[in-house]
Amino acid sequence: MQLHLTDWTRSVVDVLTQPPGGHQLRALAAWLRRLSIADHFVLFIYEGSYRPLALFDTFTPEQRCIFIDEYQTGPYLLDPFYLASHPDQADGVYSMRQLAPDQFYNSEYFLTYYHHLGLCEEVGFFITLRPGTHAVLSLMRRRGRTRFYDDEIRQLESALPVVGAAVRAAWEANSQATARPVDDHDHLVQEAFANFGRGSLTERECEVVRLLLQGHSSQSIAQKLRISPATVKVHRKNLYEKLGIGSQSELLALFIQAIKGESSRLLMLS
(Lines give C-alpha, C1' and ligand atoms only; values in the text may rest on other atoms or scores of the structure.)
Protein backbone atom coordinates (compact mmCIF):
# COMPACT_ATOMS: atom_id res chain seq x y z
CA MET A 1 0.00 0.00 0.00
CA GLN A 2 2.31 2.73 -1.28
CA LEU A 3 1.61 6.46 -0.88
CA HIS A 4 2.87 9.10 -3.29
CA LEU A 5 5.37 11.43 -1.57
CA THR A 6 3.04 14.44 -1.96
CA ASP A 7 0.12 12.56 -0.41
CA TRP A 8 2.41 11.34 2.35
CA THR A 9 3.56 14.88 3.25
CA ARG A 10 0.04 16.31 3.09
CA SER A 11 -1.39 13.55 5.26
CA VAL A 12 1.35 13.99 7.88
CA VAL A 13 0.44 17.67 8.13
CA ASP A 14 -3.22 16.69 8.59
CA VAL A 15 -2.22 14.59 11.59
CA LEU A 16 0.19 17.00 13.26
CA THR A 17 -2.09 20.03 12.97
CA GLN A 18 -4.82 18.33 15.02
CA PRO A 19 -5.10 19.19 18.74
CA PRO A 20 -3.31 16.66 20.97
CA GLY A 21 -5.32 13.79 22.32
CA GLY A 22 -8.32 12.04 20.85
CA HIS A 23 -8.65 14.19 17.73
CA GLN A 24 -5.01 13.75 16.76
CA LEU A 25 -4.98 10.04 17.57
CA ARG A 26 -8.07 9.46 15.42
CA ALA A 27 -6.37 11.31 12.59
CA LEU A 28 -3.26 9.22 13.20
CA ALA A 29 -5.27 5.99 13.01
CA ALA A 30 -6.82 7.09 9.72
CA TRP A 31 -3.36 7.97 8.38
CA LEU A 32 -1.87 4.63 9.43
CA ARG A 33 -4.73 2.83 7.71
CA ARG A 34 -3.43 4.35 4.48
CA LEU A 35 -0.14 2.57 5.11
CA SER A 36 -1.45 -0.78 6.27
CA ILE A 37 -4.76 -2.52 6.92
CA ALA A 38 -5.80 -2.44 10.58
CA ASP A 39 -9.20 -3.29 12.06
CA HIS A 40 -8.60 -2.00 15.58
CA PHE A 41 -6.26 0.42 17.33
CA VAL A 42 -5.53 0.73 21.04
CA LEU A 43 -2.99 2.84 22.89
CA PHE A 44 -1.83 1.51 26.26
CA ILE A 45 0.53 3.19 28.70
CA TYR A 46 2.66 0.72 30.67
CA GLU A 47 4.19 2.24 33.79
CA GLY A 48 5.85 0.37 36.62
CA SER A 49 3.39 -1.60 38.74
CA TYR A 50 0.30 0.22 37.50
CA ARG A 51 -2.29 -1.57 35.43
CA PRO A 52 -2.14 -0.54 31.76
CA LEU A 53 -3.87 2.76 31.07
CA ALA A 54 -5.85 2.92 27.82
CA LEU A 55 -5.57 6.39 26.29
CA PHE A 56 -7.25 5.68 22.95
CA ASP A 57 -9.04 2.91 21.10
CA THR A 58 -11.33 2.28 18.14
CA PHE A 59 -13.41 -0.49 19.75
CA THR A 60 -17.16 -0.72 20.06
CA PRO A 61 -18.48 -0.68 23.66
CA GLU A 62 -18.90 -4.47 23.52
CA GLN A 63 -15.35 -4.98 22.23
CA ARG A 64 -13.97 -2.59 24.83
CA CYS A 65 -15.26 -4.85 27.63
CA ILE A 66 -12.97 -7.65 26.40
CA PHE A 67 -10.03 -5.81 24.84
CA ILE A 68 -9.62 -3.28 27.66
CA ASP A 69 -11.74 -3.89 30.77
CA GLU A 70 -11.09 -7.62 31.04
CA TYR A 71 -7.47 -7.18 29.95
CA GLN A 72 -6.85 -4.72 32.80
CA THR A 73 -8.08 -7.18 35.44
CA GLY A 74 -5.00 -9.39 35.02
CA PRO A 75 -4.51 -10.98 31.55
CA TYR A 76 -2.14 -8.14 30.66
CA LEU A 77 0.42 -9.77 32.97
CA LEU A 78 0.84 -12.53 30.36
CA ASP A 79 0.71 -10.26 27.28
CA PRO A 80 3.96 -10.37 25.25
CA PHE A 81 3.64 -6.62 24.53
CA TYR A 82 3.38 -5.83 28.23
CA LEU A 83 6.23 -8.20 29.07
CA ALA A 84 8.43 -6.66 26.36
CA SER A 85 8.12 -3.28 28.08
CA HIS A 86 9.59 -4.82 31.27
CA PRO A 87 12.56 -4.46 30.84
CA ASP A 88 12.71 -1.67 28.32
CA GLN A 89 12.03 -2.62 24.72
CA ALA A 90 13.85 -0.39 22.22
CA ASP A 91 11.52 2.00 20.40
CA GLY A 92 10.29 0.56 17.13
CA VAL A 93 7.56 -1.50 15.48
CA TYR A 94 7.24 -5.13 16.57
CA SER A 95 4.82 -7.90 15.69
CA MET A 96 3.30 -10.19 18.28
CA ARG A 97 5.08 -13.09 16.58
CA GLN A 98 8.45 -11.39 17.14
CA LEU A 99 7.92 -10.92 20.86
CA ALA A 100 5.84 -13.94 21.87
CA PRO A 101 7.47 -16.99 23.54
CA ASP A 102 7.87 -20.12 21.45
CA GLN A 103 4.68 -21.81 22.73
CA PHE A 104 2.55 -18.67 23.08
CA TYR A 105 0.09 -19.71 20.36
CA ASN A 106 -0.40 -23.06 22.12
CA SER A 107 -0.54 -21.59 25.62
CA GLU A 108 -3.66 -21.65 27.75
CA TYR A 109 -3.56 -17.83 27.90
CA PHE A 110 -3.80 -17.67 24.11
CA LEU A 111 -6.45 -20.38 23.87
CA THR A 112 -8.68 -19.09 26.68
CA TYR A 113 -8.27 -15.31 26.32
CA TYR A 114 -6.32 -14.01 23.36
CA HIS A 115 -7.92 -16.38 20.86
CA HIS A 116 -11.36 -15.01 21.77
CA LEU A 117 -10.31 -11.52 20.67
CA GLY A 118 -10.73 -12.83 17.13
CA LEU A 119 -7.35 -11.56 15.92
CA CYS A 120 -4.98 -13.07 13.40
CA GLU A 121 -2.09 -10.66 14.08
CA GLU A 122 -1.06 -7.58 16.03
CA VAL A 123 1.81 -5.13 15.67
CA GLY A 124 2.79 -2.42 18.12
CA PHE A 125 4.61 0.89 18.02
CA PHE A 126 6.79 0.91 21.17
CA ILE A 127 7.54 4.44 22.37
CA THR A 128 9.50 5.46 25.47
CA LEU A 129 7.78 8.30 27.33
CA ARG A 130 10.23 8.48 30.22
CA PRO A 131 12.35 5.94 32.12
CA GLY A 132 10.06 3.13 33.22
CA THR A 133 7.08 4.41 31.23
CA HIS A 134 6.27 3.13 27.75
CA ALA A 135 3.44 3.53 25.28
CA VAL A 136 2.37 0.82 22.87
CA LEU A 137 0.05 1.72 20.02
CA SER A 138 -1.31 -1.60 18.75
CA LEU A 139 -2.65 -2.20 15.25
CA MET A 140 -4.81 -5.32 15.15
CA ARG A 141 -6.08 -7.44 12.29
CA ARG A 142 -9.14 -9.61 12.75
CA ARG A 143 -9.09 -13.30 12.01
CA GLY A 144 -9.48 -14.04 8.29
CA ARG A 145 -6.95 -11.45 7.14
CA THR A 146 -3.28 -12.07 6.45
CA ARG A 147 -0.58 -11.37 9.00
CA PHE A 148 1.57 -8.23 8.81
CA TYR A 149 4.38 -8.97 6.37
CA ASP A 150 7.95 -7.71 6.75
CA ASP A 151 7.59 -5.04 4.05
CA GLU A 152 4.48 -3.67 5.79
CA ILE A 153 6.30 -3.50 9.10
CA ARG A 154 9.21 -1.68 7.45
CA GLN A 155 6.76 0.84 5.97
CA LEU A 156 5.15 1.33 9.38
CA GLU A 157 8.60 1.86 10.88
CA SER A 158 8.99 4.91 8.65
CA ALA A 159 5.96 6.38 10.44
CA LEU A 160 7.53 6.02 13.90
CA PRO A 161 8.55 9.72 14.30
CA VAL A 162 4.98 10.87 13.57
CA VAL A 163 3.43 8.22 15.79
CA GLY A 164 5.86 9.06 18.57
CA ALA A 165 5.04 12.78 18.38
CA ALA A 166 1.28 12.17 18.48
CA VAL A 167 1.49 9.64 21.30
CA ARG A 168 3.76 11.81 23.46
CA ALA A 169 1.47 14.81 22.91
CA ALA A 170 -1.56 12.76 23.97
CA TRP A 171 0.24 11.49 27.06
CA GLU A 172 1.38 14.97 28.09
CA ALA A 173 -2.15 16.34 27.59
CA ASN A 174 -3.69 13.64 29.79
CA SER A 175 -3.32 14.45 33.48
CA GLN A 176 -4.42 10.92 34.45
CA ALA A 177 -1.51 9.52 32.45
CA THR A 178 1.19 11.88 33.69
CA ALA A 179 0.11 12.01 37.34
CA ARG A 180 -1.08 8.57 38.42
CA PRO A 181 -2.65 8.57 41.92
CA VAL A 182 -0.21 7.89 44.75
CA ASP A 183 -2.76 5.72 46.60
CA ASP A 184 -3.23 3.36 43.65
CA HIS A 185 -3.09 -0.33 44.67
CA ASP A 186 -2.33 -1.76 41.25
CA HIS A 187 1.07 -2.92 42.44
CA LEU A 188 -0.68 -5.47 44.65
CA VAL A 189 -2.04 -7.23 41.56
CA GLN A 190 1.53 -7.42 40.27
CA GLU A 191 2.63 -8.79 43.62
CA ALA A 192 -0.09 -11.44 43.40
CA PHE A 193 1.49 -12.57 40.14
CA ALA A 194 5.04 -12.41 41.49
CA ASN A 195 4.00 -14.35 44.60
CA PHE A 196 1.77 -16.87 42.84
CA GLY A 197 2.60 -20.31 44.22
CA ARG A 198 4.81 -19.06 47.04
CA GLY A 199 4.18 -20.89 50.26
CA SER A 200 3.64 -24.12 48.34
CA LEU A 201 6.45 -24.05 45.77
CA THR A 202 10.19 -23.51 45.82
CA GLU A 203 11.60 -20.34 44.28
CA ARG A 204 12.74 -22.28 41.21
CA GLU A 205 9.30 -23.84 40.81
CA CYS A 206 7.73 -20.36 41.00
CA GLU A 207 10.04 -19.25 38.18
CA VAL A 208 8.95 -22.23 36.09
CA VAL A 209 5.27 -21.43 36.79
CA ARG A 210 5.63 -17.84 35.59
CA LEU A 211 7.36 -18.92 32.39
CA LEU A 212 4.78 -21.66 31.72
CA LEU A 213 1.97 -19.12 32.10
CA GLN A 214 3.70 -16.76 29.66
CA GLY A 215 3.83 -19.48 27.00
CA HIS A 216 7.36 -20.84 27.18
CA SER A 217 8.06 -24.46 26.28
CA SER A 218 10.17 -26.72 28.49
CA GLN A 219 13.10 -26.16 26.11
CA SER A 220 12.70 -22.38 26.29
CA ILE A 221 12.42 -22.47 30.09
CA ALA A 222 15.55 -24.58 30.26
CA GLN A 223 17.46 -22.02 28.19
CA LYS A 224 16.21 -19.08 30.26
CA LEU A 225 16.95 -20.70 33.61
CA ARG A 226 20.13 -22.42 32.39
CA ILE A 227 18.98 -25.85 33.45
CA SER A 228 18.30 -29.03 31.48
CA PRO A 229 14.89 -29.76 29.88
CA ALA A 230 14.75 -32.91 32.03
CA THR A 231 15.08 -30.76 35.16
CA VAL A 232 12.27 -28.52 33.92
CA LYS A 233 10.04 -31.58 33.52
CA VAL A 234 10.82 -32.63 37.10
CA HIS A 235 9.98 -29.13 38.39
CA ARG A 236 6.78 -29.16 36.35
CA LYS A 237 5.71 -32.54 37.72
CA ASN A 238 6.49 -31.48 41.30
CA LEU A 239 4.69 -28.14 41.09
CA TYR A 240 1.60 -29.77 39.57
CA GLU A 241 1.51 -32.20 42.50
CA LYS A 242 1.99 -29.45 45.10
CA LEU A 243 -0.77 -27.30 43.57
CA GLY A 244 -3.09 -30.27 43.18
CA ILE A 245 -3.52 -29.87 39.42
CA GLY A 246 -2.94 -32.04 36.39
CA SER A 247 -2.73 -29.68 33.42
CA GLN A 248 -1.65 -26.25 32.24
CA SER A 249 -5.30 -25.22 31.86
CA GLU A 250 -5.80 -25.85 35.59
CA LEU A 251 -2.63 -23.86 36.28
CA LEU A 252 -4.03 -20.88 34.36
CA ALA A 253 -7.36 -21.22 36.19
CA LEU A 254 -5.54 -21.03 39.54
CA PHE A 255 -3.62 -17.98 38.36
CA ILE A 256 -6.76 -16.16 37.16
CA GLN A 257 -8.50 -17.02 40.42
CA ALA A 258 -5.61 -15.57 42.42
CA ILE A 259 -5.45 -12.37 40.34
CA LYS A 260 -9.22 -11.80 40.33
CA GLY A 261 -9.36 -12.52 44.03
CA GLU A 262 -6.76 -9.82 44.62
CA SER A 263 -8.66 -7.41 42.36
CA SER A 264 -11.92 -8.06 44.24
CA ARG A 265 -10.17 -7.46 47.57
CA LEU A 266 -8.80 -4.16 46.32
CA LEU A 267 -12.25 -3.05 45.15
CA MET A 268 -13.62 -3.72 48.64
CA LEU A 269 -10.83 -1.64 50.17
CA SER A 270 -11.29 1.32 47.81
Side-chain angles (χ1 to χ4, degrees), residues 22 25 29 38-86 95-97 99-101 103-124 126 134-144 174 176-177 180-181 184-196 209-210 212-215 247-270:
L25 292 172
D39 295 296
H40 310 297
F41 290 80
V42 62
L43 172 60
F44 279 113
I45 306 299
Y46 297 119
E47 179 179 13
S49 59
Y50 291 107
R51 282 172 291 180
L53 175 65
L55 280 192
F56 170 76
D57 69 85
T58 59
F59 301 129
T60 65
E62 294 78 14
Q63 291 169 333
R64 194 170 291 117
C65 289
I66 301 174
F67 281 85
I68 295 180
D69 297 342
E70 186 174 342
Y71 177 77
Q72 290 173 321
T73 65
Y76 72 89
L77 292 165
L78 303 179
D79 178 10
F81 279 6
Y82 166 78
L83 292 168
S85 68
H86 298 74
S95 70
M96 180 66 77
R97 293 179 185 276
L99 300 179
Q103 288 298 304
F104 174 74
Y105 292 95
N106 294 320
S107 69
E108 289 300 324
Y109 166 75
F110 177 82
L111 296 174
T112 59
Y113 173 73
Y114 197 89
H115 179 74
H116 293 296
L117 300 180
L119 303 178
C120 76
E121 180 67 295
E122 180 177 1
V123 299
F126 280 68
H134 305 274
V136 178
L137 177 66
S138 291
L139 285 64
M140 301 172 171
R141 281 185 180 168
R142 58 177 171 78
R143 196 174 299 128
N174 189 299
Q176 184 186 6
R180 305 290 284 272
D184 196 288
H185 296 289
D186 291 341
H187 68 282
L188 294 179
V189 176
Q190 297 250 359
E191 288 180 4
F193 176 56
N195 294 326
F196 179 64
V209 162
R210 288 192 288 271
L212 283 171
L213 288 169
Q214 291 168 12
S247 68
Q248 194 166 333
S249 61
E250 291 179 283
L251 178 62
L252 180 68
L254 279 181
F255 166 71
I256 295 297
Q257 182 181 354
I259 295 300
K260 289 190 174 181
E262 189 63 41
S263 297
S264 298
R265 187 176 75 82
L266 293 176
L267 286 174
M268 293 175 63
L269 293 174
S270 59

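Throughout, residue positions are numbered sequentially from 1 according to the sequence presented. Because the structure is predicted, anything quoted here is derived from the model rather than measured.
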Subject >> Rounded distance (nearest 0.5 Å) linking atom CG of Leu53 with atom OH of Tyr46 >> reply: 11.0 Å

**OP:** Report the residues that fulfil side-chain hydrogen bond (donor to acceptor under 3.5 Å, both in side chains) with Arg64, sequence neighbours left out, ordered by chain and then residue number.
**Re:** Asp57

Original post:
How would you list, by chain and number, every residue that makes a side chain to side chain contact (heavy atoms under 4.5 Å, CB included) with Leu83, sequence neighbours excluded?
Top reply: Gln214

Original post:
Looking only at heavy atoms, which two atoms of Pro75 and Glu70 are closest? And how far apart?
Top reply: CD-O, 3.2 Å

Original post:
In Å, rounded to the nearest 0.5 Å, how long is the span from CG of Leu254 to CG of Leu213?
Top reply: 9.5 Å

Subject >> From CG (Asp39) to CG (Leu119), nearest 0.5 Å >> reply: 8.5 Å

Subject >> Non-hydrogen atoms of Phe56 and Gly22 that approach each other most closely >> reply: CE1-O, 4.4 Å

Original post:
Looking only at atom types and distance, does a side-chain atom of Gln72 sit under 3.5 Å from a main-chain N or O of Pro52, one as donor and one as acceptor?
Top reply: yes

**OP:** Please name all residues satisfying ring pair (Phe, Tyr, Trp, His ring centres under 6.0 Å) with His40, sequence neighbours left out, ordered by chain then number.
**Re:** Phe59, Phe67

Original post:
Looking at residues at least two apart in the chain, or sitting in another chain, which of them share a ring pair (Phe, Tyr, Trp, His ring centres under 6.0 Å) with His116?
Top reply: none

Subject >> Closest contact, heavy atoms only, Ser107 versus Gly215 >> reply: CB-CA, 3.8 Å

Original post:
About how many Å separate CZ of Phe44 and OH of Tyr71, when rounded to the nearest 0.5 Å?
Top reply: 5.5 Å

Original post:
Who are the side chain to side chain contact (heavy atoms under 4.5 Å, CB included) partners of Cys120, not counting sequence neighbours?
Top reply: Arg141, Arg145

Subject >> Partners meeting side-chain hydrogen bond (donor to acceptor under 3.5 Å, both in side chains) with Tyr114 (sequence neighbours left out) >> reply: Glu122

Original post:
At their closest point, which heavy atom of Phe41 faces which heavy atom of Thr58, and how far apart are they?
Top reply: N-OG1, 2.8 Å

Original post:
Does Asn106 have any side chain to side chain contact (heavy atoms under 4.5 Å, CB included) partners at least two apart in sequence or in another chain, and if so, which?
Top reply: Gln103

Original post:
Considering residues at least two apart in sequence or located in another chain, which fulfil the salt bridge (Lys or Arg N to Asp or Glu O under 4.0 Å) criterion with Glu108?
Top reply: none

Subject >> Nearest-0.5 Å distance that lies between atom CG in Leu43 and atom CG in Leu25 >> reply: 6.0 Å

Original post:
Cation over ring, Arg97 on Phe104, under 6.0 Å and within 45°?
Top reply: no

Original post:
Would a 4.5 Å heavy-atom cut-off, applied to side chains only, mark Asp79 and Tyr109 as touching?
Top reply: yes

Subject >> Distance (rounded to the nearest 0.5 Å) between Met140 CE and Met96 CE >> reply: 7.5 Å

Original post:
Of all residues at least two apart in sequence or in a different chain, which pass the side-chain hydrogen bond (donor to acceptor under 3.5 Å, both in side chains) check with Tyr82?
Top reply: Gln190

Subject >> Leu252 side chain reached by Leu111 side chain, heavy atoms, under 4.5 Å >> reply: no

**OP:** Quick one: list whatever passes salt bridge (Lys or Arg N to Asp or Glu O under 4.0 Å) with Arg143, sequence neighbours left out.
**Re:** none

Subject >> Residues forming a ring pair (Phe, Tyr, Trp, His ring centres under 6.0 Å) with Phe196, sequence neighbours excluded >> reply: Phe255

**OP:** Report the residues that fulfil ring pair (Phe, Tyr, Trp, His ring centres under 6.0 Å) with Phe81, sequence neighbours left out, ordered by chain and then residue number.
**Re:** Phe126

Original post:
Which atoms form the tightest heavy-atom contact between Asp69 and Cys65, and what is the distance?
Top reply: CB-O, 3.3 Å

Subject >> Ala38 to Leu139 - nearest heavy-atom pair and separation >> reply: CB-CB, 4.0 Å

